[in-house]
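In what follows, a structure is listed as structure tokens, so that the remarks can point back to it.
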Amino acid sequence: MSHNSESDLMAQQMPVRDFYLGRQPILDRQQGLYGYEMLFRNAAGESAEIDNDVAATATVIAHTAQLGLEKVIGDALGFLNVDAEVLMSDIFVFLPRERVVLEIVESMVVNQAVLDRIADLTAHGFRFALDDVRVDAPEVQQLLPMVEYVKLDVRAMPLSGLMAAAPRFKRDKKKLIAEKVESREEFDMCLGLGFDYFQGYYFARPAVISGRKLSPSQLAVLELMGLVTSDADNIEIERAVKRDVTLALNLLRLVNTPAIGMRHRIDSISQAVTILGRRQLQRWLQIMLYAEPSRGGNSMTPLLLLATTRGRLLELLAQRLRPGQRNVAEIAFTVGIMSLMDALFGMPMTVIVEQIPVIDEVSHALLRRSGFFGDLLHLAECIERMEESDDQVLPALRELAISSEELIELEVAAFEWSDKVVRYAI
């Protein structure tokens, strides 16, 4: 049977419109992006990854593969949950084996057929992770020789359990992933215990540090944003850009990214200012605020990825919901990208909206999640924070009159755009 007819058959069994897509970043010890856990959710609020009809997982994976899984994970690895039924299915024809890690849940019943199947898939280049691990469970001991990664949930395990488990798995040469890391303190603790990778949104939480100074380059970008929004002359804007060589180079690199879709290369700052126009220029300056700290390594890449993905998703949602109103889409982008500036600058959002002049609709969205733009931002945040907000996504979609099928399409487009931008921004 051909791939297409297989996926058509799956699509008949389980309509893909019932699902949407989440991806949670997995970072390395330097806080660079390593992979994403792909989370497929049933729009009714149920998890579509485990303990559901195998057709559910299979259909969504097939659908995502057709949309282009590489668009969703970029250069990173994709971690996918599988249960025994999915393991035994022929879904693997859809997956790029070198880019995928299959996560086995610890609750899976392990029999000889399952062990043989894992061995077979491993021989074909697939890699495995063991999720929700209980150290002494017999299933863990059976599966351990066949997996490359072990995931430990820092929420579910006491510190004493983590301290005992980490060295044991390290001795077995397993790569350790700390799951549900939600604070800087938890990250530091797991780093100290020797974990290799960290999954969670701790990097997007604002750690408010008193007396923190913005870098010279960030100050230059903010000054430039002030000029752009206050309708300064092009000449004045050009002069400000040229005063900071790094800023000028970064701006030229960004405006020539494929994500912007220019037919001809832009070679000079004056060309960039003239061709882009004020609103586009403001967009790239907002992105550059996130890109700048990553020059000494890629420590800010996850925040940059999350901010550009949010900005683009909000923009695409606004275009879909308010077609023909370009201004609305541009405001939506600004709301998305500014929504993580508290984490970027380590200061409260109230201070940021005082320092960066924004219209009332933007500040209401950022501070209170109210109004049209606040609704869009709330939806984006619900999608990111899957396990806490499953029951909130469906009402948010209904409120905005967006189907989950449309949402998946816009999400994939936003992931792809963000990935292109970030490659050029750092």
Side-chain angles (χ1 to χ4, degrees), residues 10 13-14 24 26 35-42 46-62 65 77-158 160-180 195-197 199 386-387:
M10 288 178 186
Q13 292 170 324
M14 177 71 67
Q24 283 203 339
I26 298 171
Y36 290 107
E37 179 166 356
M38 308 298 301
L39 298 156
F40 302 117
R41 286 293 192 263
N42 185 303
E46 298 165 24
S47 157
E49 15 157 20
I50 298 300
D51 300 330
N52 266 6
D53 187 342
V54 60
T57 312
T59 307
V60 181
I61 291 176
L77 282 178
F79 285 70
L80 291 168
N81 279 283
V82 292
D83 60 9
E85 281 192 279
V86 174
L87 268 180
M88 292 304 186
S89 74
D90 54 5
I91 191 162
F92 298 99
V93 293
F94 295 108
L95 297 175
R97 60 199 69 190
E98 66 289 346
R99 307 290 304 288
V100 167
V101 177
L102 303 170
E103 281 191 25
I104 305 166
V105 280
E106 196 265 340
S107 58
M108 187 169 83
V109 176
V110 179
N111 55 31
Q112 195 55 49
V114 164
L115 292 170
D116 290 347
R117 179 65 166 157
I118 293 171
D120 183 42
L121 288 167
T122 304
H124 282 89
F126 284 99
R127 286 174 281 176
F128 286 87
L130 200 50
D131 198 4
D132 295 332
V133 169
R134 287 204 318 273
V135 181
D136 295 317
E139 294 85 358
V140 170
Q141 299 315 312
Q142 281 180 290
L143 290 167
L144 207 54
M146 310 172 87
V147 302
E148 194 173 321
Y149 302 86
V150 169
K151 292 181 87 171
L152 298 175
D153 184 338
V154 299
R155 285 268 166 280
M157 251 186 175
S160 57
L162 289 171
M163 288 174 76
R168 278 182 63 176
F169 290 123
K170 293 294 280 183
R171 272 200 305 275
D172 287 331
K173 304 278 190 290
K174 302 304 168 190
K175 294 172 183 166
L176 277 183
I177 301 175
E179 205 175 9
K180 298 206 173 84
F195 278 81
D196 302 284
Y197 305 106
Q199 180 176 341
M386 284 288 184
E387 61 281 342

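Bear in mind that the values here come from a model prediction, so they are computed numbers and not experimental data.
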Check: [Y] and [X] side chains under 4.5 Å, non-hydrogen atoms:
X: Val101; Y: Glu148; answer: no
X: Asp172; Y: Val150; answer: no
X: Asp131; Y: Glu179; answer: yes
X: Val114; Y: Val109; answer: no
X: Asp196; Y: Lys170; answer: yes
X: Leu80; Y: Leu95; answer: yes

Report task. Taking ring pair (Phe, Tyr, Trp, His ring centres under 6.0 Å) as the test, write out the residues that go with Phe128, two or more places apart. Result ->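 Applying ring pair (Phe, Tyr, Trp, His ring centres under 6.0 Å) to Phe128 gives none.
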Query raised in the report: Quick one: ring pair (Phe, Tyr, Trp, His ring centres under 6.0 Å) partners of Phe126, sequence neighbours excluded?
Result: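 Counting only residues at least two positions away or on another chain, Phe126 forms a ring pair (Phe, Tyr, Trp, His ring centres under 6.0 Å) with Phe92.
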Taking only residues two or more places apart in sequence, or in another chain, which ones meet [X] in a side chain to side chain contact (heavy atoms under 4.5 Å, CB included)?
X: Pro167; value: Arg171
X: Gln112; value: Leu115, Asp116
X: Ala113; value: Met88, Asn111
X: Arg155; value: Asp153, Lys180, Glu182, Glu186

What heavy-atom pair brings [X] and [Y] nearest, and what distance separates the two atoms?
X: Phe195; Y: Ala178; result: CD2-N, 3.4 Å
X: Met157; Y: Ala165; result: CE-CB, 4.2 Å
X: Leu77; Y: Glu98; result: CD2-O, 3.8 Å
X: Val147; Y: Lys174; result: O-NZ, 2.8 Å

Query raised in the report: Out of curiosity, Phe169 CZ to Leu130 CG, how far, rounded to the nearest 0.5 Å?
Result: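 Nearest 0.5 Å value for the CZ-CG distance: 7.0 Å.
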Report task. Drop me the distance from Arg127's CZ to Arg99's CZ, to the nearest 0.5 angstrom. Result ->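 The CZ atom of Arg99 is 10.0 Å from CZ of Arg127, to the nearest 0.5 Å.
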